[in-house]
Amino acid sequence: MPDPLMPDPLMSIALAEAEAAALRGEVPVGAVVSRDGRIVAAAGNRVEELGDPTAHAEMLAIRSAAAILGGPRLEGCDLHVTLEPCPMCAAAISLARIRRVVFGAYDPKGGGVEHGARVYDHATCHHRPEVIGGVGETAAAAMLKRFFQRLR
């Protein structure tokens, strides 16, 4: 299992995107799309700001990367995200043909990769990325916990 206290550099950037999202009043989730170790796109949640239920960090980063790279398939790209992707994002990751998903905190209630729908376990899933969970988990989970405690 990856060391949750030692996030890799790309997860650190995803965590910074999550912190920026929290400062905007968004659920603190951040995502980074990279290719060959270079950042292609990064984003944090903007659901409230845009009034768009699909404006999850992963979706925004994938859309941006597709625009930058000039196509809908992000083959050879990796996605680092601070929270286990939900079913919507997991499906988009598959459709984008992302090579690897690295996530921080597990999401037993809303996750779609290791929990819930387990999108990549279905025969109808045409592309299954490599999945690595728990990278930077401690920092990501703590940020989410602080955010939701402030709301209560």
Side-chain angles (χ1 to χ4, degrees), residues 1-24 26-47 49-50 52 54-121 125 127-148:
M1 175 178 254
D3 182 353
L5 298 176
M6 299 289 290
D8 65 24
L10 293 171
M11 185 59 77
S12 294
I13 294 165
L15 286 164
E17 289 287 341
E19 185 64 39
L23 293 172
R24 293 190 302 271
E26 301 281 353
V27 174
V29 178
V32 175
V33 175
S34 65
R35 181 182 276 169
D36 300 324
R38 293 190 177 109
I39 296 171
V40 177
N45 274 357
R46 292 187 180 275
V47 171
E49 175 186 344
L50 299 176
D52 179 355
T54 71
H56 290 196
E58 302 96 306
M59 299 293 284
L60 297 173
I62 289 169
R63 288 177 191 148
S64 181
I68 289 166
L69 295 175
R73 283 172 273 299
L74 303 177
E75 294 169 333
C77 289
D78 298 337
L79 175 75
H80 285 68
V81 61
T82 59
L83 181 63
E84 176 184 348
C86 72
M88 172 185 70
C89 293
I93 290 163
S94 178
L95 291 169
R97 304 292 194 264
I98 289 176
R99 177 180 66 161
R100 178 182 302 125
V101 176
V102 179
F103 70 85
Y106 291 85
D107 188 356
K109 287 185 179 179
V113 177
E114 300 287 332
H115 296 90
R118 296 181 183 258
V119 171
Y120 307 134
D121 291 347
C125 181
H127 172 75
R128 293 169 183 83
E130 176 185 356
V131 176
I132 302 168
V135 176
E137 179 180 8
T138 302
M143 190 181 304
L144 286 159
K145 185 175 181 179
R146 281 192 309 273
F147 177 81
F148 287 111

Using modelled atom types and a 3.5 Å cut-off, is there a donor and acceptor pairing between side-chain atoms of [X] and backbone atoms of [Y]?
X	Y	answer
S94	H127	yes
Y120	A90	yes
D8	L10	yes
R97	G76	no
N45	V27	yes

[X] versus [Y], closest heavy-atom pair with distance:
X	Y	result
A43	L60	CB-CB, 3.7 Å
R35	C77	NE-SG, 3.6 Å
G30	A18	N-CB, 3.5 Å
T54	R63	OG1-NH2, 3.0 Å
A41	A61	CB-O, 3.5 Å
G110	P87	O-CD, 3.4 Å

Quick one: side chain to side chain contact (heavy atoms under 4.5 Å, CB included) partners of R24, sequence neighbours excluded?
A20, A21, E26, R46, E49
Side chain to side chain contact (heavy atoms under 4.5 Å, CB included) with L95: which residues, sequence neighbours excluded?
none
Using side-chain heavy atoms (C-beta onward) and a distance below 4.5 Å, is [X] in contact with [Y]?
X	Y	value
E58	V29	yes
E19	P28	no
V81	C89	no
I13	I39	yes

Calculate, to the nearest 0.5 Å, the distance between atoms [atom1] and [atom2] belonging to [X] and [Y] respectively.
X	Y	atom1	atom2	result
S34	R99	OG	CZ	7.5 Å
I93	I98	CD1	CD1	5.5 Å
H80	I132	NE2	CD1	7.5 Å
M59	C86	CE	SG	8.0 Å

Which residues satisfy the side-chain hydrogen bond (donor to acceptor under 3.5 Å, both in side chains) test with H115, sequence neighbours excluded?
E84
What verdict does the side-chain contact (heavy atoms from CB on, under 4.5 Å) test give for L74 and L69, after you've listed the backbone C-alpha separation in whole Å, the side-chain angles of each residue and the deciding distance to 0.1 Å?
CA-CA 8 Å; L74 303 177; L69 295 175; 3.8 Å; yes
Should the heavy atoms of other residues, nucleotides or ligands under 6.0 Å from CZ of R73 be counted, would the total exceed 12?
no
